[in-house]
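A short write-up of the structure that comes next.
These numbers come from a predicted model, not from an experiment. Start at 1 and go down the list; that is how both ligands and their atoms are numbered.
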Amino acid sequence: MTNADSGDGFVVFDRVQKSYDGETLVVKDLNLSISKGEFVTMLGPSGSGKTTCLMMLAGFEMATHGEIRLDGRNINNVPPHKRGIGMVFQNYALFPHMTVGENLAFPLNVRGMNKSDQETKVKRALDMVQMGRFINRRPAQLSGGQQQRIALARALVFDPELVLMDEPLGALDKQLREHMQFEIKHLHESLGITVVYVTHDQGEALTMSDRVAVFDDGRIQQLAPPDELYERPQNSFVAQFIGENNKLPGKVESLNGDTCTVRLETGEIIA
Ligand code: ADP
């Protein structure tokens, strides 16, 4: 099995390419297979193609080549609202003219659910994020963290099996961010949902994920559990990128086979 294979996972990118201008590929021959219930993070520098991958999975962008499969089905031509995917994006704002309850009921309404079932689901989703008492507030009457919790509840309200999150905590301060990371991880584990998470924050990726896909220039450079990225970076890009967040304050000097040489801030060189 290769590092980023396109086997029979719950979510599969099978030789996916994307070009916005018909010339430059911003996603290059991407193979990725994600198991049901997994928390996979796409991590990498700005412009490396992470959001484009999430947008293709969500259905807001079409792959130029290749196939995206969900639970064994090719979804290339399935519109976003028929994919059954929950989404939390940093800029995926709540509707300002609707109350919290109405915001949460919206995706259920779109799916034609009756009012009484809607009420039950909305209440349950709000309880999940401990926001039940805010049901009649409008988004402007909530803090940033509370709004983000409501966005999370809205993504979960219709019991999706897959939730996509693109820098969902980017606008929050450090303390709230760490708290929300814990809550997201807890929800992921208790609900057994599959999560595909995009961030450029290594700390976030490494603490939350079952596996991390390190992106650079439209390709996955390495797909591995966090520990493995630290211990066995597959190339100098990953070593350098992960090294920036490493416990040892130092820089990777060279990578030769299994040997990684690091120059510590003290000047000492370790291999
Ligand atoms: P990341 O999420 O890693 O920051 P993106 O997927 O947003 O990367 O962007 C990858 C590349 O595609 C960048 O060069 C970006 O400028 C380009 N890009 C992203 N969205 C569009 C778009 N809607 N139209 C044209 N180019 C885009």
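Remark: side-chain polar atoms of Glu67 are not paired, donor with acceptor, to backbone N or O of Asn76 under 3.5 angstrom. Side-chain atoms of Thr207 come within 3.5 Å of backbone N or O of Glu204 as a donor-acceptor pair.
The side-chain hydrogen bond (donor to acceptor under 3.5 Å, both in side chains) test applied to Thr64 returns no partner, not counting sequence neighbours. Residues that satisfy the side-chain hydrogen bond (donor to acceptor under 3.5 Å, both in side chains) test with Gln147, not counting sequence neighbours, are absent from this structure.
If you look at ligand 1, the protein residues with a non-hydrogen atom under 4.0 Å away are Tyr20, Val26, Pro45, Ser46, Gly47, Ser48, Gly49, Lys50, Thr51, Thr52.
The list of salt bridge (charged side-chain N to carboxylate O under 4.0 Å, His left out) pairs with a residue in residues 41-66, not counting sequence neighbours, reads Lys18-Glu61.
Here Lys174 pairs with Glu178 in a salt bridge; the nearest charged N to carboxylate O distance falls below 4.0 Å.
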